[in-house]
Amino acid sequence: MYYLENLATPVVAEYDVIVAGGGASGLIAALSAQRAGASTLLVERANCMGGTGTYGMVAQWIGFFNRRRRVVGGIASELADLVVSLGGSEGFKQYLMAEASASPIPIVHFAFNPEVVKIACDRLVEASGVQLRLHSRVVAPIQEGGRVRGIVVEDCAGRAAVAAKVVIDATGDAVVAHAAGVEMAPAEVASLRQAQPLTLMFRLSNVDVAAFRSTPRDRKRELALEGLSQGRIYWESLSFCSTPGNTDAICLMSRVSGFDATNAEDLTRAELEGRRQVQSIVAFLRERVPGFQNAVLAAIAGHIGVRETRRIAGQYTLTEADILGAIRFPDSIALGAGPLDIHEAGGTGIALHVPQQPFEIPMRCLLPQGKEGLVVTGRAISATRAANGGARHMGTAMALGEAAGVIAALQARSGTASVAAETVRAALRQRGGFVSIDDHADHFIETTT
Ligand SMILES: Cc1cc2nc3c(=O)[nH]c(=O)nc-3n(C[C@H](O)[C@H](O)[C@H](O)COP(=O)(O)OP(=O)(O)OC[C@H]3O[C@@H](n4cnc5c(N)ncnc54)[C@H](O)[C@@H]3O)c2cc1C
């Protein structure tokens, strides 16, 4: 049975470029398109920008460094510098990821206070000329003759249509591309309910971070296995990011499997299960884990963290072999760093692997097949499941976003979907971006802590 709607949606504005989703990738995409001369609208369903990193409270950017080599620059660097200058981070540091697991790995991360990142995002957008529309959900593309011509948004006031020459889908879930009928990559799981688990982040105040950090790794692993065997924690993780000043721990410890994150009924049950897990984990930490005795639950993320949903089947699909073999692409427009990071649904462990070298991501991964007026960036680019595990980190999403902005601005200006990769690469390099494996060679992390 269907309820047939007869809608006449007013067209309220027109832009060169509209970016759907203001997360890691979409924020940078909007700034990038505007800097490339396109009038740009950024539409975000939440009350802030930054996406999974801010309202999802995943409070560390990785993907900026492959081992010790820097692979992301450009606007993402400006954002990181601004966050540091506002006191929201102590900058890039060496960090042992998943240290209570069987296979921890050293990486370079940028831990931050998500509240300060929200403010930094505001400042960059306000200074840029990008038009920002928060509290607005993109619900459909406008299409004419098979070409995307804008979007329909819904907010408290109702529905509105906004026209654009090019739309960038940065929703992470390929919301626009999917609704426009773009072919999706095979999910490689029987159902999205078997996709990687969800994680509800939470923040504890009054933590003695130094006491935890100085606890030997073996002891942390023993404690994690103890909590797991008692059913009080949910995977081999006592991982958290500490905010500047080392007072708060933003914990990456819940693990919720079996739900499809594109389905609101599933997400509802996942959020409730996440909050049930948070209560159990907090009690275990307070009782057993050094540094957490006096911890206070300060915040729970505004949206459960989603690792995996739809990906487009674009003009090229990035594979794990491309990443591990550091395959060269003449149309590479961003560098990934890894690690390859797949959490199996229902599992309690984690498999992490850092590629030997940075890897190139071709422009074609952002371009859907047979659909003009649309560029896809961030978590939903065309990649196999395993490759996505290495390319979904926020540093990489930001580098992809900068490229997407340039591509969309050039498409909008020329009125055609075919833009020369060399033009995009030159523009990105001019802004301090890294587009080829050769570009990064002289950039090493200076911090050794
Ligand atoms: C639990 C977890 C831990 C992770 N750990 C790390 C880590 O330690 N470091 C790291 O770098 N990466 C990590 N990641 C990966 C990373 O956070 C994501 O892959 C990354 O944020 C993807 O960037 P994005 O811009 O594609 O998506 P997002 O950052 O999720 O942004 C998508 C944005 O689109 C908006 N949106 C969605 N649909 C609509 C719509 N219909 N209308 C309007 N707006 C919409 C959302 O509100 C959001 O702001 C983790 C992810 C999870 C879930």
Side-chain angles (χ1 to χ4, degrees), residues 18-30 42-65 72 76 95 97-98 107-112 117-118 121 133-141 151-155 168-176 178-179 195-202 235 237 239-241 250-256 261-262 274 301-311 336-339 341 343 350 352 376-381 383 388-401 404:
I18 293 175
V19 182
S25 212
L27 163 74
I28 303 293
L42 175 58
V43 184
E44 166 58 47
R45 67 183 172 186
N47 74 338
C48 63
M49 291 162 285
T52 299
T54 53
Y55 77 85
M57 274 170 49
V58 173
Q60 61 173 357
W61 290 325
I62 62 174
F64 277 80
F65 285 81
V72 175
Y95 171 74
M97 194 173 187
I107 57 158
V108 175
H109 79 158
F110 182 96
F112 54 77
V117 172
K118 290 177 190 172
C121 295
R133 187 177 169 127
L134 299 175
H135 293 289
S136 301
R137 181 179 284 267
V138 177
V139 292
I151 51 156
V152 176
V153 292
E154 274 182 5
D155 61 24
I168 299 177
D169 185 339
T171 59
D173 296 321
V175 169
V176 181
H178 182 254
Q196 295 188 60
L198 306 161
T199 290
L200 184 60
M201 302 290 295
F202 59 96
W235 59 301
S237 166
S239 292
F240 64 87
C241 305
I250 303 185
C251 301
L252 205 161
M253 298 185 192
S254 70
R255 189 175 253 197
V256 179
T262 63
H303 194 300
I304 197 165
V306 178
R307 292 185 173 85
E308 183 181 14
T309 55
R310 306 179 190 112
R311 297 180 297 278
D341 170 5
H343 302 237
I350 179 169
L352 290 166
V376 177
T377 186
R379 179 162 63 78
I381 64 161
N388 181 57
R392 67 188 172 84
H393 308 299
M394 288 182 270
T396 317
M398 290 189 221
L400 290 168

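When a ligand or atom number is given, it counts from 1 through the structure's own listing order.
For S25, heavy-atom contacts with ligand 1 shorter than 4.0 Å involve the backbone as well as the side chain. With a heavy-atom cut-off of 4.0 Å, L198 does not touch ligand 1 at all. Of all the heavy atoms of A20, none lies under 4.0 Å from any atom of ligand 1, so neither backbone nor side chain is involved.
Considering backbone and side-chain atoms together, T52 places an N or O closer than 3.5 Å to an N or O of ligand 1. The shortest N/O to N/O separation between I62 and ligand 1 falls below 3.5 Å.
Here the heavy atom of the protein found nearest to atom 33 (C) of ligand 1 is G23 N, 3.6 Å. Nearest protein neighbour of atom 23 (O) of ligand 1, counting heavy atoms only, is A397 CB, 3.6 Å. Protein heavy atom closest to atom 46 (C) of ligand 1, with residue, atom name and distance, is Y55 OH, 3.2 Å. The nearest heavy-atom contact from the protein to atom 34 (O) of ligand 1 is G21 CA, 3.3 Å. Looking only at protein heavy atoms, the nearest one to atom 43 (C) of ligand 1 is R45 N, 3.3 Å. Nearest protein heavy-atom neighbour of atom 49 (O) of ligand 1: E44 OE1, 2.6 Å. G172 CA, 4.4 Å is the protein heavy atom nearest to atom 27 (O) of ligand 1. Given atom 40 (C) of ligand 1, the protein heavy atom at minimum distance is V138 N, 3.7 Å.
With 3.5 Å as the limit, one finds a donor-acceptor pair spanning the side chains of S25 and T377. In this model, a donor atom of one side chain and an acceptor atom of the other lie less than 3.5 Å apart for R255 and H343.
Across the listed options V256, T396, D173, V58, V58 owns the non-hydrogen atom lying nearest to atom 2 (C) of ligand 1. For atom 51 (C) of ligand 1, the nearest non-hydrogen atom from the set H109, R137, E154, R392 comes from R392. Considering R307, M49, H343 only, the shortest heavy-atom separation from atom 52 (C) of ligand 1 involves R307. Remark: among candidates M201, R379, M394, the nearest residue to atom 24 (P) of ligand 1 is R379, based on non-hydrogen atoms. The residue among G51, A380, A170, A46 with a heavy atom at the shortest distance from atom 32 (C) of ligand 1 is A170.
If you look at W61 and H393, their ring centroids are not closer than 6.0 Å.
When all heavy atoms of V19 and A170 are compared, the closest pair comes out as CG1-CB, 4.1 Å. Closest of all the heavy-atom pairs between A301 and Y55 is CB-O, 3.5 Å.
Of the listed residues (R379, R307, R310, R311), just one forms a salt bridge (charged side-chain N to carboxylate O under 4.0 Å, His left out) with D173, and that residue is R379.
For the pair R133/L42, no side-chain contact is recorded, criterion being any heavy-atom separation below 4.5 Å from C-beta on.
Atoms of ligand 1 found under 4.0 Å from any heavy atom of G305, numbered from 1 in the order shown, are 53 (C).
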